[in-house]
Every structure is written in structure tokens, then in C-alpha cells.
Engineer: 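Take this structure first; my questions come after.
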2 protein chains.
Amino acid sequence: MKKRPTVTDVAKLANVGASTVSRHLRGVSVSPDAAIRISEAIAQLGYHPDETARALRVGRTRTIGVIIPQVSNMFYSRAVQLIEEEASKRGCAVILLTHQESLKQQGIQLATIRRYRADGVILAPAAGSTLEDISAALPGTPVVAIDRFISSEMDSVVLRNRDAARVATEHLLRHGYKRIACVVSRPEIASFKQRWEGYVETMGLNHLETLLIQAPNHEQLRYALTSTFVSHSRPDALLSFSNRVTQTILLAFDELALSREERLPLLGFDDFDLASLVDPPLSVIRQPTENMMRHATDLLFRRIEGSEPVEPKVIALPGQPIYRKSCGCS
Amino acid sequence: MKKRPTVTDVAKLANVGASTVSRHLRGVSVSPDAAIRISEAIAQLGYHPDETARALRVGRTRTIGVIIPQVSNMFYSRAVQLIEEEASKRGCAVILLTHQESLKQQGIQLATIRRYRADGVILAPAAGSTLEDISAALPGTPVVAIDRFISSEMDSVVLRNRDAARVATEHLLRHGYKRIACVVSRPEIASFKQRWEGYVETMGLNHLETLLIQAPNHEQLRYALTSTFVSHSRPDALLSFSNRVTQTILLAFDELALSREERLPLLGFDDFDLASLVDPPLSVIRQPTENMMRHATDLLFRRIEGSEPVEPKVIALPGQPIYRKSCGCS
DNA sequence: CTGTTAGCGCTTTCAA
DNA sequence: TTGAAAGCGCTAACAG
């Protein structure tokens with residue numbers, strides 16, 4: 001088994017010094033004929049530079065860490081997709097890690113990132129994360145938070161959650177619903193907290209009581225939902241805080257075999273592929289995921305390149321309401 | 001800005017040699033009091049070992065590459081999720097790359113993997129991939145193919161596509177449908193090819209003509225579908241080859257505002273969250289994704305560890321038919 | 001423009 | 001069991 005060729009091998013074959021090869025590789029000017037000989041040698045040997053060695057020497061790994069709750073949530077898989085493409089364009093590879101909504105697991109993954117010396121991190125922080133924990137875990141490494149705001153001291157790209165929830169609640173109110181219930185899996189998650197605040201505020205302004213249907217996991221949430229639906233104090237309308245929750249609501253409708261008319265009016269956060277195809281078509285607040293991820297990667301790479309912005313930047317993008325039928329529109 | 005601490009720093013503070021620190025870190029026996037002093041020093045300095053340096057020295061990076069068409073397809077996002085968890089358990093990080101169904105892009109990503117010196121790769125090969133291309137791009141690096149079979153010389157974990165398609169076609173036949181059409185986006189993709197074969201075979205056995213509805217992208221596919229649906233030679237039933245295609249079919253139904261009764265009977269590959277919630281509930285061939293990914297990671301890590309299996313192993317798992325209503329069942 | 005040399009942080013002989 | 005020293009493949013400084 002022959003070893004992988006190194007710069008030295010290339011250098012020898014091309015009759016130049018190793019540093020000339022290195023220069024050529026990095027696009028620094030080299031004499032034309034040396035360039036040709038080097039290129040030939042590289043082709044002949046099938047040489048591929050070793051990123052780990054380069055990283056060690058230069059202190060930059062050309063990798064970025066992406067830490068999210070799970071990839072299987074459509075919002076995040078879309079996000080990862082976008083981040084990967086952007087990173088790829090800039091010559092960086094993505095190290096993908098998940099924290100499964102666990103603060104402890106997140107700590108482990110931050111340490112992982114640290115060991116791998118990623119140049120920067122895009123993070124959807126687990127509930128309970130603090131700026132201090134995170135920046136202590138990654139001293140000197142740029143981090144941008146997505147989806148969940150934790151501190152104005154940290155670069156963040158998020159939805160304007162309060163506003164969006166306000167808009168959503170007002171819309172439901174305009175349809176004449178009074179007993180509007182929020183449905184959420186884990187209210188301690190930052191984005192959901194803000195959505196809840198926007199809702200509470202709007203309900204308060206209208207002298208209406210707030211309602212919360214909540215459970216730590218989707219199994220229990222479905223149970224909570226079905227019991228609520230059959231109780232005599234059932235709400236007028238539902239405001240779902242995430243696509244997963246929306247699906248759980250749909251499942252609960254289905255479980256009770258509620259007809260289209262018996263279903264509660266529903267408005268949900270996050271758009272998804274089949275949202276327009278369920279019955280009735282789902283009204284949602286869509287997140288501008290593409291834009292968000294572009295902002296996030298831009299911010300991150302600016303930080304990595306070390307130029308420009310010094311103070312933390314929080315980018316909050318408006319949600320886009322898409323009223324189909326489920327909210328009561330026609 | 002103080003530099004990151006190194007083994008040497010730890011060694012000095014603990015009054016031992018660097019190699020002793022290294023040994024301790026890797027769990028090799030060290031005298032008890034040295035161990036204590038080292039641990040203290042590590043904690044005090046906030047030392048984290050540098051994977052890039054270790055990788056350079058030792059020749060193993062503790063990373064695995066995962067190359068898939070896109071993360072945003074539910075099948076793959078689920079797969080990535082599973083792989084990440086498994087890799088994490090084994091102390092490896094995942095480098096995530098996508099090839100967008102482009103052979104050229106796949107080549108680029110294979111080269112990326114090579115530069116980063118990943119210890120192994122899990123790959124869903126783009127259409128047109130050959131064993132030779134792939135192993136030439138990654139000499140000495142274990143690769144396991146998932147979802148798409150390209151050669152029995154390469155470790156692979158796939159669905160028993162022909163059988164599954166046979167079962168699906170027979171099921172549709174049993175409902176009395178004769179003009180069964182396959183719907184597929186890119187027939188050149190290995191798994192779809194095999195599904196097509198299973199279908200052709202079954203139709204042939206029953207002296208029935210084969211029908212194909214196909215278009216290179218989902219936009220055009222939807223168009224092809226709607227025109228087919230309104231033509232007088234419309235099929236009796238549809239066999240969809242992937243979850244994305246199934247969604248496109250649903251979209252086409254919706255576009256034509258076909259009522260539940262007017263919709264064509266449909267059986268699709270891949271189960272997904274909302275499959276049971278659309279109207280009528282979707283019948284599908286489910287892939288045992290979890291099992292598949294466990295096999296894939298097992299295979300890969302066995303190869304990486306260098307022990308055991310020498311000859312390539314192809315694992316083909318049966319699909320699980322789930323008959324809801326869309327296929328004509330009730 | 002080029003080659004020589006040193007060294008990034010780690011592990012691994014090798015001798016003690 | 002331990003420490004000193006060499007070296008993984010690369011790049012940056014420096015002298016030509």
C-alpha cells in the first residue's frame with residue numbers, strides 16, 4: 001500500500017522546493033514553467049492537499065460547525081441544506097451536530113466543536129442556554145445563533161417572533177374567535193417564549209383570557225389535545241407554534257375523526273410542503289428561511305474573516321402570513 | 001488574547017512530561033498522583049485536545065463524510081439524523097456534503113472528503129456513479145453506499161427495490177387496476193431503475209402494458225401529470241417512486257381540484273409524517289430507514305476499525321407495505 | 001521568484 | 001511508568 005503523496009513528493013517530481021508547490025497551490029505567483037511542472041506532478045501523483053496538516057499549521061480548519069436540535073425537523077433540514085450550500089461555495093465544510101433539545105448534549109457538542117477547531121459555529125441554542133456558557137465553551141470562535149434569540153450580545157438571525165404572533169393572534173381575533181389557545185411542545189424554548197409573549201400581549205389588549213395547551217413531548221401533546229377537543233371548554237381556535245406541533249394537531253383531529261367542519265380553526269408557525277394539501281389547507285406564518293440562512297452565513301463568514309462588524313448584530317426578519325383556509329379564511 | 005493551552009502547557013503545570021499527559025488523555029495507565037495533577041491542570045487551563053494535530057500525527061481524523069443528494073428530502077434528513085447519532089456515539093463527527101444529483105458535484109465532494117481525510121464515507125451515489133470513479137477518488141477510504149446500489153463490489157445498504165415494486169404492483173393489480181403508471185422524476189437513479197424493473201416484470205407476467213410518467217424536475221412532472229389526468233387515456237392507478245414524487249402527484253390532484261373520488265388510486269414509495277393525514281390516507285411502501293442506517297454505520301465502522309469483513313457486503317432490506325386507503329383499500 | 005528551515009500540537013518510539 | 005526527541009504534512013519567514 002503506497003502512502004498518499006505529499007507536497008514534498010510533488011516538489012521532488014517537479015524539481016522545485018516544497019514551498020513553491022505550496023505557493024502554487026494557494027494561487028501565489030510562481031514562474032510559468034514551474035507552475036506547469038507542478039500541475040503535471042500533481043496530476044501524475046494524484047496529489048490532494050491535506051487539510052488537517054494545513055489547519056494545524058495555519059490555525060484555520062475551513063470547517064464550520066452547525067449545531068441544531070435535530071435534522072429531521074423540516075425547518076432545520078431546510079436550514080442545514082442552505083448553510084451547506086453557502087459554506088461549500090466559500091470552500092468550507094460543515095460539521096453537523098445535534099443536541100436533541102438537551103442542554104447537556106449541547107455542552108458536549110460545543111466541546112466537540114472546540115476539539116475540531118471549527119472556524120465558526122451556527123447554533124440553534126437549546127432551551128436554557130446562556131451567552132456565557134456558549135462563549136466560555138468556545139473562546140475566540142465566532143458563533144451565530146439562529147432561530148432562537150438568547151442575548152443581544154450574540155450575533156443572531158431570528159424571526160420577529162412577537163410581531164408574528166401578534167399578527168397571527170389579531171388575524172384569528174378578526175375572524176371573531178375569542179377563546180384562542182396556543183399549542184406548544186416546549187414553552188421554554190426561546191422562540192416559543194417570544195411567540196407566547198406576542199400572543200399574550202394581543203389577548204390582553206383585547207381583554208381576553210389566554211389559553212395554553214402544552215406537553216413536553218408530542219405523544220403527550222396529542223393526548224392533551226384530544227382531551228381538550230372533547231371537553232366542553234374547548235377553544236374557538238388554535239395557534240400552533242411550530243410545524244411539528246401543527247402535525248400533532250392534525251393527528252389529533254384525525255384520531256377523533258373530526259370532520260372538516262368539526263375541526264378547530266388553526267393557524268400555525270412554519271410553512272411546509274404539504275401545508276396546502278391537507279384539508280382544510282393550512283394557514284401559516286412562513287419563516288423566510290432562505291434569507292435567514294443567507295444572513296447567518298454572511299454574518300459568520302464576516303466574523304471569521306475578521307473584518308468589519310465589531311459589535312454583535314441581531315437580525316430579526318418578519319414572518320410572512322399565508323392565509324389559506326384553516327384559519328377561517330375562504 | 002492568550003493562546004489555547006497545549007499538552008505542553010498542561011505538562012508543565014502538572015510537572016510531568018508531555019507524553020504522560022498524552023497517555024493520560026488516552027486512558028493509558030499513569031501513576032495515580034500524576035493522573036490527579038494532570039486532571040487538575042487540564043481543568044485549570046481549560047485545556048481541550050486539538051483534533052487536527054492528533055489527526056495529522058495519527059492518520060485518523062475521527063470524522064466520517066456523509067454525501068447525499070440533499071438534506072431537505074425527508075428520507076435523507078431522517079437518514080442523516082440517524083447517522084449523526086450513531087457517529088456521535090462512536091466519538092466521530094459528521095462532515096455533511098450534498099451533491100444535488102449532479103455527478104460533477106459529487107466528484108467535487110469526494111475530493112473534499114479526500115482533502116479532509118475523513119476516515120470513511122456514507123454515500124448516496126448520484127446517477128451515473130461507478131465503483132471505479134468513487135474508489136479512485138478515495139483510495140484506501142471505506143465507503144458504504146446507501147439507498148442506491150451501484151456495484152456488488154461496494155458495501156451497500158439498500159431497499160429490496162425490485163421485490164418492493166413487485167409487491168406494490170401486484171397489490172394494485174389485485175385491486176383490479178390494469179393501466180398502472182409509474183411516476184418518477186429521474187429514472188436514471190439506481191433505486192428507481194430497480195423499482196421500474198420490478199414493476200415491468202410484474203406487468204409483463206400479467207401481459208399488461210407498462211406506463212411511465214416522467215420528467216426531469218418536479219415542476220415539469222406536475223405539468224406532465226395534470227395533462228395525463230385530463231387526457232382520455234388516463235391510467236387506472238399510479239405507482240410513485242419517491243416521497244417527493246408523491247407530493248407532486250398530490251399537488252397535481254389539487255391543482256385540478258380533483259375530488260376524493262376523482263383522484264387516481266395511488267401507492268407510493270417512502271412513508272412520511274403526513275402520509276396518513278392527506279385525503280385519502282396514503283398507502284406506501286415504507287423503508288426501514290432506522291435499520292438501514294444502523295447497518296450502514298455498523299458496516300462503515302467495522303471497515304474503519306479494519307477488523308473483520310474483507311469482502312464487500314450488500315445488505316438489501318425489504319420494504320414494509322402500509323396499505324391505507326389511497327391504493328383502493330378500505 | 002525560489003529553496004531552506006522551523007514549527008503548528010500531537011503521539012510514539014526509545015532509553016532511562 | 002516516565003521524559004526526550006522525532007516527525008505527521010503543511011506554510012511562513014527569511015535569505016538568496
Side-chain angles (χ1 to χ4, degrees), chain A residues 1-39 41-42 45-63 91 114-119 139-140, chain B residues 1-39 41-42 45-63 91 111 114-119 139-141:
Chain A
M1 177 92 191
K2 51 184 190 294
K3 272 179 60 257
R4 321 182 114 113
T6 73
V7 264
T8 324
D9 300 323
V10 176
K12 259 182 231 151
L13 188 60
N15 256 307
V16 294
S19 47
T20 307
V21 177
S22 172
R23 276 188 279 263
H24 175 70
L25 251 17
R26 285 169 309 135
V28 186
S29 69
V30 184
S31 82
D33 68 313
I36 295 175
R37 292 207 312 283
I38 293 172
S39 300
I42 287 176
L45 296 173
Y47 168 77
H48 288 242
D50 185 324
E51 284 287 341
T52 65
R54 218 220 62 231
L56 177 59
R57 177 62 235 242
V58 129
R60 271 200 50 183
T61 52
R62 289 197 202 154
T63 57
R114 180 157 189 191
R115 287 187 291 113
Y116 284 93
R117 301 287 189 256
D119 296 333
Chain B
M1 177 93 190
K2 53 183 187 295
K3 273 178 62 257
R4 321 181 113 111
T6 73
V7 263
T8 324
D9 300 323
V10 176
K12 261 182 229 149
L13 188 59
N15 256 309
V16 294
S19 44
T20 308
V21 176
S22 172
R23 278 187 278 262
H24 176 68
L25 252 15
R26 285 170 309 134
V28 186
S29 69
V30 182
S31 78
D33 68 313
I36 295 175
R37 292 207 312 282
I38 293 173
S39 300
I42 288 176
L45 294 172
Y47 169 78
H48 288 241
D50 184 324
E51 284 287 340
T52 65
R54 213 213 44 148
L56 176 59
R57 178 62 235 244
V58 129
R60 271 201 50 182
T61 52
R62 291 198 200 153
T63 57
R114 181 157 189 191
R115 288 188 290 112
Y116 283 94
R117 302 286 190 258
D119 296 333
T141 305

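Labels below follow one simple rule: chain letters A, B, ... track the order of the sequence lines, proteins then strands, and each chain is numbered from 1.
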Engineer: Counting side-chain heavy atoms from C-beta on, which of D/dT2, C/dC10, D/dT11 comes nearest to B/Pro49?
Structural biologist: C/dC10
Engineer: Expressed as a whole number of angstroms, how long is the span from B/Lys3:NZ to C/dC8:P?
Structural biologist: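 Going from B/Lys3 (NZ) to C/dC8 (P), I get 7 Å.
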Engineer: Nearest to the side chain of A/Ala18, heavy atoms from C-beta on, is which of C/dG3, D/dT11, D/dC10?
Structural biologist: D/dT11
Engineer: Which of the following nucleotides, D/dC10, C/dT2, D/dG3, is nearest to the side chain of A/Ala34?
Structural biologist: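 In terms of side-chain proximity for A/Ala34, the closest of D/dC10, C/dT2, D/dG3 is C/dT2.
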Engineer: Which pair of heavy atoms, one from B/Asp9 and one from B/Arg4, lies closest together, and at what distance?
Structural biologist: OD2-O, 4.1 Å
Engineer: Atom CZ of B/Arg117 and atom P of D/dC8: how far apart are they, to the nearest Å?
Structural biologist: 14 Å
Engineer: From the set D/dG9, D/dT11, C/dT12, return the single nucleotide nearest to any side-chain atom of B/Arg57.
Structural biologist: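 Shortest atom-to-atom distance from the side chain points to C/dT12.
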Engineer: Are A/Thr20 and C/dT2 close enough that a side-chain N or O sits under 4.0 Å from OP1 or OP2?
Structural biologist: no
Engineer: Indicate, with a heavy-atom threshold strictly under 4.0 Å, whether B/Ser19 touches base, sugar-phosphate, or nothing.
Structural biologist: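 Result for B/Ser19 = base.
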Engineer: Side-chain N or O of B/Thr6 versus OP1/OP2 of C/dC8: is the shortest distance under 4.0 Å?
Structural biologist: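 Looking at the OP1 and OP2 atoms of C/dC8, neither is under 4.0 Å from any side-chain N or O of B/Thr6.
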Engineer: Please lay out, stage by stage, how B/Ile42 and B/Leu13 fare under the test side-chain contact (heavy atoms from CB on, under 4.5 Å).
Structural biologist: CA-CA 9 Å; B/Ile42 288 176; B/Leu13 188 59; over 6 Å; no
Engineer: From CZ of B/Arg60 over to P of D/dG9, roughly how many Å is that when rounded to an integer?
Structural biologist: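 Value for this atom pair: 17 Å.
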Engineer: Which whole-number value in Å describes the distance from B/Ile42 CD1 to C/dC10 C1'?
Structural biologist: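 In whole Å, C/dC10 C1' lies 14 Å from B/Ile42 CD1.
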Engineer: Hey, which of these two, A/Val21 or B/Val21, hits DNA chain C nearer its 5' end, going by closest nucleotide?
Structural biologist: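 Looking at DNA chain C, the more 5' nearest nucleotide goes with A/Val21.
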Engineer: Mind checking A/Ala55 for me? I need base, sugar-phosphate or nothing, with any heavy atom below 4.0 Å counting as a touch.
Structural biologist: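 The residue A/Ala55 makes no contact with any strand.
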Engineer: Quick one: is A/Tyr47 getting a side-chain N or O under 4.0 Å of the D/dC10 phosphate, OP1 or OP2?
Structural biologist: yes
Engineer: Please confirm whether the shortest side-chain N or O distance from A/Arg26 to OP1 or OP2 of D/dA12 is below 4.0 Å.
Structural biologist: yes
Engineer: Return the value, rounded to whole Å, for the distance between atom CZ of A/Arg114 and atom C1' of C/dG9.
Structural biologist: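 Roughly 14 Å, once rounded to whole Å.
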Engineer: Do B/Arg115 and A/Asp50 touch side chain to side chain, with heavy atoms closer than 4.5 Å?
Structural biologist: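 Sidechains of A/Asp50 and B/Arg115: no contact.
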Engineer: Could you check whether any side-chain heavy atom of A/Val21 comes within less than 4.5 Å of a side-chain heavy atom of A/Leu25, counting everything from C-beta outward?
Structural biologist: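 Result yes, sub-4.5 Å side-chain heavy-atom pair found.
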Engineer: Once you round it to whole Å, what is the distance between P of D/dC10 and CZ of B/Arg115?
Structural biologist: 12 Å
Engineer: What is the separation between atom NE2 on B/His24 and atom C1' on C/dT11, rounded to the nearest whole Å?
Structural biologist: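 It is 16 Å, rounded to the nearest whole Å.
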Engineer: With a non-hydrogen cut-off below 4.0 angstrom, is B/Ser29 in contact with a base, only sugar-phosphate, or nothing?
Structural biologist: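 If one applies the 4.0 Å heavy-atom cut-off, B/Ser29 turns out to touch the sugar-phosphate alone, with no base involved.
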Engineer: In whole angstrom, what separates A/Tyr116's OH from C/dG9's C1'?
Structural biologist: 16 Å
Engineer: Please compare A/Ala53 and A/Val30 by the position of their nearest nucleotide in DNA chain C and report the one closer to 5'.
Structural biologist: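 By nearest-heavy-atom nucleotide position, the 5'-most residue is A/Val30.
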Engineer: Of the nucleotides D/dT11, C/dC1, C/dT12, which has the atom closest to the A/Ser31 side chain?
Structural biologist: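 From the listed options, C/dC1 comes nearest.
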Engineer: Once you apply a heavy-atom cut-off of 4.0 Å, does A/Asn15 come out as touching a base, just sugar-phosphate, or nothing?
Structural biologist: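 Sugar-phosphate contact only.
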Engineer: Taking the side chain of A/Arg23 as heavy atoms from C-beta outward, which of D/dC8, C/dG3, D/dG3 is closest to it?
Structural biologist: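 Of all the options, the side chain of A/Arg23 is nearest to C/dG3.
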Engineer: Within the structure provided, determine whether A/Tyr116 and B/Thr63 are in side-chain contact (heavy-atom separation under 4.5 Å).
Structural biologist: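 Yes; the side chains approach each other to less than 4.5 Å.
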